[in-house]
Amino acid sequence: LDSDPWLSRPALELVVALERREISAEELTRRVLERIDRLNPRLQAFVRTMPRQALDAARRADKNRGDRRSKGFFHGIPMGVKDLNFLRGAFASMGTPQYRYLPSPIDDSFVKAMRRAGFVFVGKTATSELGIMPVTETLLGPPTRNPWDESKSAGGSSGGAGAAVAGGLLPMAHASDGAGSIRIPAAFGGLFGHKASVDLLPNPYGRNDPFNMTANGAVTLTLRDTAAFLDAILGRWPGDPGTFLASCEETPAPVRIGFVTVPPIGETDPRVAAHVLRIAGALEGLGHHVTEGPVSRGSLEEFLPVYQRIAAKAPLLTEQTIQPVTRWLRGVGRGISDSSARASYDAMSQRIQGALGDVEVVLMPTVPILPPRVGAFDHSDGETAFAQAAVLGAFTSLANVTGRPALTVPAGTVDGLPVGVMLMGRRGEDALLLQLARQLEACGALRHAKGVE
């Protein structure tokens, strides 16, 4: 893909450019919409755009450039909203034909926070059906493709967000994560993706997420964009004392770090594992206490009752127009009681927490394998499709089950495809992950995406 010099810049740089009037919000939004029109037929990052509403909002942003603190830090910056979320005036199809034209008269709690932060909403990004699968291939339309190699998956369930940022359609994009759905697309796109500690950010999924496993967030071009987005959603002014953006520049005391390359299920590509070992060496060189361990093996069977019960709770009108994997999960999930699913969740969470011991941070691959080809999990047998795709979330799901924060960072490439490594911390220690990533960035250990030329 070619690149637009403006859209390849991080969001924080664009904030400064808007403030200095080097570009207008209207011009920036127009560039985004034009690029989406040109490239989305190939990438399928967006399921729909809102050009009239977006340009109107951008013009209003240009007219109201006064006190930015009252308008939001990202005042005038274009943003895409994942199609699992409710955005006022837009459809919320949730990756299924049943909701293709489901209107939303309101913003959900997370979109409200983004609106307060000043973003200009340009459209809805693609998600897997009900956010279930770690690839974004649905019955709504063509699959979402990886800008680095269009024969490969962009990941899921926030595949549209990942493809939009990696493809230069947006400087950052909203995403959400119930078992890795922010971090998997971020890793496949050479991007940053943060899954926040449980209860740090608004969770609009409510009754459909009884275990509070899901976190909303963003995929971004840079670490500092990730930190600033967190601050803005929390109503803080990025860079002020005590904010996540300010904490990026603080050097942490030596940390006890365990590195893991063997996933709970499946196997890790040795070339992916090599990047983890290299980052582990860099962290040790920075003065941290790095040892191997401690996550142990597990089984898909222990996770399935939880996921099946969540799938069964989704309000669908019929079982006829959904994908086989969704139908299978829901069919089994209806036979699982809330109490039984809760017992499975609690036992799994306690086992993982116990295995982590006194390690403060765990370093691991974000995804143990390279991006699969589009259609790799397109099976008429839903159980087979889910079992084969589950390896993509083998590492990422650990943070969702335990409520811990996790951050994927770009570690480099294998065969021209990005590889992410992930830092998982203790609950409430999101800032520490940002600080460690900043240290790795400063010493040259991270291999940033150079843009998809």
Side-chain angles (χ1 to χ4, degrees), residues 82 85 108-110 113-114 117 131 158 172 174-184 186-187 192-206 209-220 223-236 238 242-248 250 252-253 255-258 260 294-295 306 310 345-346 348-364 366 393 395-409 420-438:
K82 185 176 178 178
N85 289 65
D108 66 35
S109 59
F110 200 87
M114 289 196 291
S158 307
M172 61 166 58
H174 163 255
S176 62
D177 189 315
S181 294
I182 292 173
R183 291 159 289 155
I184 294 168
F192 291 84
H194 171 252
K195 179 262 170 197
S197 291
V198 66
D199 295 330
L200 176 64
L201 302 175
N203 180 3
Y205 301 141
D209 182 19
F211 308 103
N212 206 14
M213 288 171 53
T214 304
N216 279 245
V219 291
T220 69
L223 178 68
R224 296 182 76 248
D225 278 0
T226 290
F229 181 84
L230 270 173
D231 288 329
I233 295 303
L234 289 168
R236 305 169 180 169
T243 60
F244 285 111
L245 184 57
S247 73
C248 282
E250 299 172 5
V255 176
R256 296 186 303 278
I257 299 172
V260 180
V295 176
V306 175
I310 291 173
Y345 172 84
D346 289 343
M348 182 168 46
S349 180
Q350 290 168 14
R351 182 183 65 77
I352 296 170
Q353 298 279 26
L356 294 175
D358 65 350
V359 169
E360 297 172 82
V361 171
V362 184
L363 170 71
M364 60 194 102
T366 307
F395 286 114
T396 53
S397 59
L398 299 173
N400 301 85
V401 172
T402 58
R404 291 174 174 239
L407 172 68
T408 182
V409 298
V421 299
M422 186 170 66
L423 298 161
M424 182 175 72
R426 292 172 169 173
R427 286 191 186 190
E429 296 188 356
D430 301 68
L432 175 60
L433 302 184
L434 296 169
Q435 291 165 359
L436 292 171
R438 180 70 185 108

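In this chain, residues are counted from 1 in sequence order.
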- [ ] Evaluate the criterion side-chain contact (heavy atoms from CB on, under 4.5 Å) for residue pair Met424 and Leu356; output intermediate values, then yes/no.
- [x] CA-CA 11 Å; Met424 182 175 72; Leu356 294 175; 4.0 Å; yes

Open item on the list: With side-chain contact (heavy atoms from CB on, under 4.5 Å) as the criterion, how do Glu250 and Arg438 come out once you've worked through the C-alpha distance, each side chain's angles and the decisive distance to 0.1 Å?
Closed with: CA-CA 9 Å; Glu250 299 172 5; Arg438 180 70 185 108; over 6 Å; no

Task: Test log, rule side-chain contact (heavy atoms from CB on, under 4.5 Å), inputs Leu200 and Leu230 - done: CA-CA 9 Å; Leu200 176 64; Leu230 270 173; 4.3 Å; yes

Task: Verdict with supporting geometry, Leu223 and Leu407, side-chain contact (heavy atoms from CB on, under 4.5 Å) - done: CA-CA 10 Å; Leu223 178 68; Leu407 172 68; 3.9 Å; yes

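Here the options are Leu432, Leu433, Val362, the test is side-chain contact (heavy atoms from CB on, under 4.5 Å), and the partner is Leu423; only Leu433 passes. Here the options are Thr366, Asn400, Thr408, the test is side-chain hydrogen bond (donor to acceptor under 3.5 Å, both in side chains), and the partner is Arg183; only Asn400 passes.
A side-chain donor-acceptor contact under 3.5 Å links Ser247 to the backbone of Phe244. With hydrogens and angles disregarded, a donor-acceptor distance shorter than 3.5 Å links the side chain of Asp177 to the backbone of Ile182. For Asp231 (side chain) and Arg236 (main-chain N/O), no donor-acceptor pair under 3.5 Å exists by modelled atom type. Arg427 contributes no side-chain N or O that, together with a main-chain N or O of Val198, makes up a donor-acceptor pair within less than 3.5 Å. No side-chain donor-acceptor contact under 3.5 Å links Thr220 to the backbone of Met172.
To the nearest 0.5 Å, atoms CG (Asn216) and CD1 (Ile233) are separated by 9.0 Å. Between the CZ atom of Arg224 and the CG atom of Leu434 there is a distance of 11.5 Å, given to the nearest 0.5 Å. Between Met422 atom CE and Ile184 atom CD1 the span is 9.0 Å, to the nearest 0.5 Å. Atom CG in Asn203 sits 5.5 Å away from atom CG in Asn212 (nearest 0.5 Å).
At least one side-chain heavy atom of Met213 sits under 4.5 Å from a side-chain heavy atom of Ile310. Side-chain atoms of Leu201 and Phe110, non-hydrogen and from C-beta on, do get closer than 4.5 Å to each other. Counting only heavy atoms from C-beta outward, the side chains of Pro238 and Thr243 never approach each other to under 4.5 Å. Using a 4.5 Å heavy-atom cutoff, the side chains of Asn85 and Tyr205 are in contact. Contact annotation: the side chain of Asp108 never approaches that of Pro202 to less than 4.5 Å [non-hydrogen atoms, C-beta and beyond].
Contact between Cys248 and Ala227 at its shortest, heavy atoms only, is SG-CB, 3.7 Å. The minimum heavy-atom distance between Ser181 and Lys82, with the atom names listed, is CB-NZ, 4.0 Å.
For the residue pair Thr214 and Ser176, no side-chain donor N or O sits within less than 3.5 Å of a side-chain acceptor on the partner.
When the side chain to side chain donor-acceptor pair (under 3.5 Å) test is applied to Ser197, the partners found at least two apart in sequence or on another chain are Asp430. Residues satisfying the side chain to side chain donor-acceptor pair (under 3.5 Å) criterion with Tyr345, sequence neighbours excluded, are absent altogether.
Taking the ring centroids of His194 and Phe229, they lie at or beyond the 6.0 Å cut-off.
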